Amino acid sequence: MTPLETIQRAVDKIQQGEEYYIPAWWNYLSTSCRKDENRPGEVIVDPRRHYSDCLKKILQYPKRQAEVSVEGSVMYSMMPRAFTAWNHTSDGELESGTLLKCIALLPRLKQMGVDLVYLLPIFLSSHAFGKGELPSPYCIQDILSLDPELGDRLIPQITPEEQFAAFVEACHRLGMRVALDFVFRTAARDNVMIREHPDWFYWIKADDRDELQAPGIPGAGHQVVSADNVDALYQSPDMAKFIECFVEPPEEQQWRRIVEEADQQGKGVLDVCIDRLGICTLTGFADTINDPQPPWTDITYLKFYFDPSPAAQRNLPAQELPPFLAQDGVKCSVFEGGNPNRQLWDTIAGVIPHYITRYGLDGARIDMGHALPAPLYREIVRRIKACKPDFLLWSEEFSPENAPRAAQDGNHFITGDLWEIWKNTPSNRVNHRVAKGLQSVLPVTAAVEMADTPRAPLMAGGEGQAKAIFRMLSLLPNNVLLINNGQELGEIQPMNLGLCNDETGRFVLPPDHPMYGKLAFFDRVRFDWLNPGIEERVRWMTEIIDLRRRYGSWIQDKDAFDWDTLDRDGELTVLYYQKEGKALAAVVNRGAETRQVDFSKIFDGSLKGIRSFEVIASDGFSLEGQDKSGELQKFGFVLLESKEEMR
């Protein structure tokens, strides 16, 4: 019996009788339901019948592999506990999203055109030093165990691990791959490894645990730590005070007593350590200098080297210091130590093969993998490939210039920098930045928003601009198109404030909105599944993705793409492909004004030899004359194909 069949059998044993509310849009199979006039947009279903119908639908499909190449993929970024969170009972209490509920919605994603489901971390997280109602998914207490909240209360006999195996199977039956986000550079401050290996962590005085700030260089601005500035960092007035916060790890016998006491009293070992010794694990911080973000109080860094970095050794006094970590030690891919923590490396290198073997996982993004020790990253990839040669690897590398190194390390695509263009680039220079960002050795992630950024309308300057950009990205080569969960619903509340955002960015909803000020990374939230425009939004996105699929042989061929045509100033984005005597062209209006477009001028001679074009898709476009010009409304687009072979 497969994992999905096991879930099906458990669902069929759910007791009937509960009033179970779901958004009407979830009931895509039209399972028998009724309405409650006090909760418009929802339906009441028998949960046994509803989930049984959904699972039976998926089980009709045979197991198969996704057929789309990396360059043409459409990736859906999902945080399961937020994605399917809902108030299912009459008392209105918000329940966490679960893997069962996510499985039930997978056919919706498949219909939309998704072929790669990427999950933010789903591991057991820690409540220690929490920053909200719930722990961050990146505050990982045990990377080999899954978040218990992802197990559905309707089938308590089925563990989260069993439900995740069924999730992967369901994706495979629908022709979708599954990738998971892994975090190896950081961990929860009370990570399970601390019980046996306190020396794998950095320790500070407990009194400094909330206020510790990474050292900076006064007046230098926000910089990436590098060989050019690391000596100035160690000579800054902040460094000496920073190092004074560090202490030696607990002694072995002392630590054994703390662990025993914690077990006897049912307390956390770190809580007891703070009470008894007045020390705790290091507060997390960014690996850049003068970073504007506040300290990451819920996570800490693992000790990849037992000795300080070369920069620390040449800049610090000769006397012995407690093990400490500054920004250079965090970026140990550049500032490697000489005494590696081999046992930790071996533990980390075995994690992803475990998930491949147990669950059939297809891919991974390794959070800040490019900042790990280079030999460790190579060993991680070596073990992955030995386990599954076609395993998909997504590098978080932001710079397209570093794509060759990412490719050499075994990655298939990078994050790149397209995601931040919409927020930080003048509109008339967007085309140039996009052209530069796409000319990468590896495909880049094409997104209007990501889980760490403001939502698309706020990134792009409005909903119309966001739609135009998404349409443009879908027709560009050399990318993996990303949809962030909730984007298709028109969400404006961010999930996190990590990129292109600050503390004010969480307050974008009306003060009386139930999700006002809440962040999915730290709070219990639900998405706007009751948005009355959901059907139209999803239909619109589906049609765009369908065009991407239909013309995939063009869009995935970056050698057929005219990069010079794209690289022009202005709010019109012009795309042009040419091969085998045929041409495909598109014009996207990212601006808020209607524009006249004369194709013979726009394509600057590219129309030579082309007798005529056929309009194969458009939105807000009206043709004038004989295939020569037309009117393109604000945020509109037109896609053209040559009717006959060029001369």
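As the structure is a prediction and not an experimental result, all values here were calculated from the model.
If you take CG on Leu325 and OH on Tyr301, they are separated by 7.5 Å, rounding to the nearest 0.5 Å. Taken to the nearest 0.5 Å, the CG atom of Leu154 stands 15.0 Å off from the NZ atom of Lys13. The CG atom of Asp287 sits 4.5 Å away from the CZ atom of Arg185 when rounded to the nearest 0.5 Å. For the atom pair Asp190 CG and Ser126 OG, the distance stands at 3.0 Å (nearest 0.5 Å).
Residue Phe184 is tested with Ile366, Ile140, Leu376 for a side-chain contact (heavy atoms from CB on, under 4.5 Å); the sole match is Ile366. Just one of Trp200, Trp345, Phe324, Phe335 meets the ring pair (Phe, Tyr, Trp, His ring centres under 6.0 Å) condition when paired with Tyr305; it is Trp345.
Side-chain contact between Leu519 and Lys131: absent, with no pair of heavy atoms (C-beta onward) separated by less than 4.5 Å. Side chains of Arg506 and Asn501 form no contact here, defined as non-hydrogen atoms less than 4.5 Å apart. Using a 4.5 Å cut-off on side-chain heavy atoms (C-beta onward), Lys241 and Pro215 make no contact. Inter-residue side-chain proximity for Leu372 and Ile348 is flagged as unmet; no heavy-atom pair is nearer than 4.5 Å.
Between Phe123 and Phe182, the angle of the ring planes lies from 30° to 60°, which puts this pair in the tilted group. Using cut-offs of 30° and 60° for the angle between ring planes, the Tyr359 and His354 rings count as perpendicular. The aromatic rings of Trp86 and Trp26 sit tilted relative to each other, their planes meeting at an angle between 30° and 60°.
Applying the side chain to side chain contact (heavy atoms under 4.5 Å, CB included) criterion to Pro514, with sequence neighbours excluded, gives no partner residue. Phe83 is linked by a ring pair (Phe, Tyr, Trp, His ring centres under 6.0 Å) to Tyr76, Trp529, counting only residues two or more places apart in sequence or in another chain. By the ring pair (Phe, Tyr, Trp, His ring centres under 6.0 Å) test, Phe507 is found to be paired with Tyr516, residues two or more places apart in sequence or in another chain being considered. With sequence neighbours excluded, no residue forms a ring pair (Phe, Tyr, Trp, His ring centres under 6.0 Å) with Phe201.
His412 places a side-chain N or O within donor-acceptor distance of the main-chain N or O of Leu393, the cut-off being under 3.5 Å. A donor-acceptor pair under 3.5 Å links the side-chain atoms of Thr357 to the main chain of Pro353, judged by distance alone. A distance-only check finds a donor-acceptor pair linking the side chain of Trp203 to the backbone of Pro198 [under 3.5 Å]. Panel note: side chain Asp307, backbone Gly338; a donor-acceptor pair is recorded below 3.5 Å. Looking only at distances, a side-chain donor or acceptor of Lys303 sits under 3.5 Å from a matching main-chain atom of Asp199. The main-chain N or O of Ala406 is found under 3.5 Å from a side-chain atom of Asn411 such that the two form a donor-acceptor pair. When atom types are taken as modelled, the side chain of Ser52 and the backbone of Asp12 share no donor-acceptor pair closer than 3.5 angstrom. The main-chain N or O of Pro373 is never found under 3.5 Å from a side-chain atom of Glu336 such that the two would form a donor-acceptor pair.
Comment: Lys101 does not engage Glu95 in a salt bridge, judged by the lack of any side-chain N to carboxylate O separation of less than 4.0 angstrom. Salt bridge Glu379/Arg382: present, at least one basic N to carboxylate O contact under 4.0 Å.
Ring pair Tyr138/Phe521: centre-to-centre distance below 6.0 Å.
Within the structure, the side-chain hydrogen bond (donor to acceptor under 3.5 Å, both in side chains) test picks out the following pairs touching residues 364-376 (sequence neighbours left out): Tyr118-Arg365, Asp181-Arg365, Arg365-Asp367, Arg365-Glu396.
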Worked verdict on Thr2 versus Glu169 for side-chain hydrogen bond (donor to acceptor under 3.5 Å, both in side chains) | CA-CA 8 Å; Thr2 70; Glu169 179 190 341; 2.9 Å; yes
So Leu146 and Thr159, side-chain contact (heavy atoms from CB on, under 4.5 Å) or not? Walk me through it.
-> CA-CA 9 Å; Leu146 301 189; Thr159 66; over 6 Å; no
I would like to know whether Asp328 and Tyr234 meet side-chain hydrogen bond (donor to acceptor under 3.5 Å, both in side chains); could you show each step before the answer?
-> CA-CA 10 Å; Asp328 57 319; Tyr234 273 94; 2.8 Å; yes
Quiz: residues 270-283 side-chain donor-acceptor pairs under 3.5 angstrom, not counting sequence neighbours:
{"residue": "Arg276", "atom": "NE", "partner": "Glu261", "partner atom": "OE1", "Å": "3.2"}
{"residue": "Arg276", "atom": "NE", "partner": "Glu261", "partner atom": "OE2", "Å": "3.2"}
{"residue": "Arg276", "atom": "NH2", "partner": "Glu261", "partner atom": "OE2", "Å": "2.5"}
{"residue": "Thr281", "atom": "OG1", "partner": "Arg189", "partner atom": "O", "Å": "2.9"}
{"residue": "Thr283", "atom": "OG1", "partner": "Arg189", "partner atom": "NH1", "Å": "3.4"}
{"residue": "Thr283", "atom": "OG1", "partner": "Arg189", "partner atom": "NH2", "Å": "3.4"}
{"residue": "Thr283", "atom": "OG1", "partner": "Arg209", "partner atom": "O", "Å": "2.6"}

